[in-house]
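Here's the structure we're looking at; comments come further down.
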Protein chains: 2
Amino acid sequence: MTAESSDRRRRTPEQRRARADRILDAAAELVGRWGYDKTTLDDVSRHAHVAKGTIYLHWKSREALFTALLRRERVLMLEAVRLCTAGRAEPVGGLVRRLALEMLRRPLLKALLLGDGEVLGALLRHKRTSPEAAEAMSTAFAAYLGVLREHGLVRSDLTPAEQQNVMATAFYGFFHAPALPDPFHLDMERRADLLAETVQRTLGSGHPVTPESAAQVAEATARYLDRALEIARRKLEESL
Amino acid sequence: MTAESSDRRRRTPEQRRARADRILDAAAELVGRWGYDKTTLDDVSRHAHVAKGTIYLHWKSREALFTALLRRERVLMLEAVRLCTAGRAEPVGGLVRRLALEMLRRPLLKALLLGDGEVLGALLRHKRTSPEAAEAMSTAFAAYLGVLREHGLVRSDLTPAEQQNVMATAFYGFFHAPALPDPFHLDMERRADLLAETVQRTLGSGHPVTPESAAQVAEATARYLDRALEIARRKLEESL
DNA sequence: ATATGACTGAATATACGTATCTAGTCATAC
DNA sequence: GTATGACTAGATACGTATATTCAGTCATAT
């Protein structure tokens with residue numbers, strides 16, 4: 001063994017993070033299979049090939065571990081949206097549609113947003129979204145809408161509170177409303193399109209994105225996603 | 001006592017109905033006060049000044065009684081909307097707004113639509129809205145939208161399934177989405193306005209009601225409400 | 001310093017017997 | 001025919017005692 005051999009117990013931050021990710025991978029796998037309530041830390045440690053005590057070197061409690069898992073999912077989702085929209089200049093509805101679809105694509109976020117008790121169990125009841133983060137997200141979105149309004153793409157006769165309520169209500173309805181019976185049934189993809197259209201028509205001014213405003217719209221979108229990502233990443237770091 | 005004295009045990013249909021209403025009044029009072037789970041038929045019979053057996057001369061089970069109660073509320077709500085809109089020629093959003101507000105005004109319907117388990121308890125879990133009635137309601141609404149479309153007041157590029165999904169999602173979000181924290185909080189009345197605006201902008205064509213179309217719009221509205229009332233009344237009659 | 005996994009106690013599930021409650025019935029009265 | 005309310009059976013709540021599970025700890029090993 002050399003002087004700086006891997007035999008040394010001291011771990012680099014990268015190694016720590018890689019192991020945390022392996023543990024979270026195992027947790028994600030097991031929650032997807034058995035649900036939160038039935039997933040024990042012994043299961044997770046076995047799947048991740050670490051001792052249970054090691055988990056407590058990363059998180060102070062079981063809940064903290066799964067909180068971190070959800071936060072990592074959120075970061076990954078936002079990164080995916082960030083990639084999709086890179087450089088594009090879409091109206092509000094387009095952004096909303098991508099957000100909705102990327103959320104639906106990820107089982108844990110989908111379960112979280114659908115309020116699926118089978119998957120998330122007690123986590124749903126006890127977990128509270130931190131007010132600071134929620135407000136920061138709202139503020140970032142409001143700023144995004146503000147830029148679009150300056151370019152005449154968003155109505156100027158709605159207060160920020162009204163805009164946020166429209167967004168919240170539309171999203172909530174989209175995720176939670178039960179599917180309609182057969183003659184009216186639509187799959188989630190089509191419903192996401194309708195959600196986008198609803199938001200676009202309710203919040204938008206009706207004017208299309210002009211070539212002149214395209215650059216600024218693209219920048220505002222990127223800026224919003226960056227801010228959201230920053231908040232999401234910060235929250236994830238808090239969870240180690 | 002005369003020959004046709006009230007001493008005769010034979011009851012007229014009007015007397016029967018009046019007594020059923022008294023029983024339903026008592027049930028409404030008690031459910032409002034204690035919730036469905038804690039309201040016993042002994043309570044109801046005592047409050048309505050009838051023997052418990054009498055209740056079973058009207059309904060075959062406890063559940064049937066409370067089903068009738070909910071159905072009566074629905075009829076009363078629709079009658080109120082019918083009165084409000086009498087002769088008026090409002091666009092879709094206006095009708096939606098009135099429906100939403102009249103539902104919110106009635107504690108039992110509000111509880112039903114909000115999915116309030118405290119008030120409705122087990123009734124929420126076991127009660128299924130009959131598919132036939134739901135479909136008939138949808139059909140009636142689709143017909144209403146059809147007339148408005150003929151007059152250019154409603155978009156023609158959405159399928160009926162898409163229209164119904166927008167309606168269902170918007171209503172669901174309006175009733176179920178939790179209130180936003182303080183800087184963005186709006187009361188239910190304002191949210192009803194936003195619901196109306198959302199539906200109007202998403203389903204509507206953007207053209208205003210012209211004097212020429214006013215009469216037909218008013219008639220279509222009245223026709224829809226009449227059909228809805230007919231269905232609601234039929235369902236109520238089924239529940240005696 | 002870092003990692004482990006056997007260990008512990010608090011919480012949760014299971015089992016069982018008893019008490020209470022109440023939806024629905026029906027013999028009786030009018 | 002109509003109305004009653006005491007009655008019953010089945011369900012539900014409660015109390016208690018026992019078993020099991022699992023989050024979190026810590027003495028030990030490297």
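Quick note: numbers below take in every heavy atom, side chains included, and nothing from hydrogens, waters or symmetry partners. These numbers come from a predicted model, not from an experiment. In what follows, chains are A, B, ... by sequence order, proteins preceding strands, each numbered from 1.
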Return the value, rounded to whole Å, for the distance between atom CG of Asp42(B) and atom P of dC7(D). 14 Å

Can you tell me the distance, in whole Å, between the OH atom of Tyr36(A) and the C1' atom of dA23(D)? 10 Å

Polar side-chain atom of Asp116(A) near backbone of Lys110(A) as donor-acceptor pair, under 3.5 Å: no

Among side-chain atoms of His49(A) and Arg22(A), is any donor-acceptor pair under 3.5 angstrom? no

Just the rounded figure in Å: distance from C1' of dA11(C) to CD of Glu63(A). 16 Å

Name the orientation class of the two ring planes belonging to Tyr144(A) and Phe141(A) (parallel below 30°, tilted from 30 to 60°, perpendicular beyond 60°). tilted

Using a heavy-atom cut-off of under 4.0 Å over every strand shown, decide if Thr40(A) touches base, sugar-phosphate, or nothing. sugar-phosphate

Counting any heavy atom closer than 4.0 Å, what does Arg19(A) reach on the DNA or RNA strands: base, sugar-phosphate only, or nothing? sugar-phosphate

Quiz question: by atom type and distance under 3.5 Å, do the side chains of Ser45(B) and Asp42(B) form a donor-acceptor pair? no

Can you tell me if Arg106(B) has over 12 outside heavy atoms packed within less than 6.0 Å of its CZ? yes

Looking at Asp43(A) and Leu30(A), would you say the former's side chain and the latter's main chain have a donor-acceptor pair under 3.5 Å? no

Looking at dT4(C), dC7(C), dA6(D), which one has an atom nearest to any side-chain atom of Lys52(B)? dA6(D)

State which of dG5(C), dA3(C), dA3(D) makes the closest approach to the side chain of Leu57(B). dA3(D)

Integer-rounded Å distance: dT25(C) P and Ile55(B) CD1: 13 Å

Rounding to a whole Å, what distance do you find between Trp59(A):CH2 and dT25(D):P? 16 Å

Nearest-angstrom distance from the residue atom NZ of Lys60(A) to P of dC26(D): 17 Å

Ignoring backbone atoms, establish whether Thr54(A) has a side-chain N or O less than 4.0 Å from OP1 or OP2 of dA3(C). no

To the nearest Å, how far apart are Asp37(B) CG and dA13(D) C1'? 13 Å

Pairing of Glu102(B) and Arg98(B) as salt bridge, 4.0 angstrom limit: no

Assign Ser45(A) to base, sugar-phosphate, or nothing according to its heavy-atom contacts below 4.0 angstrom with the strands shown. nothing

Looking at DNA chain D, which of residues 118-129 of chain A put a heavy atom within less than 4.0 Å of it? none

Take the protein atom OH of Tyr56(A) and the nucleotide atom C1' of dT8(C), then report the distance between them rounded to whole Å. 13 Å

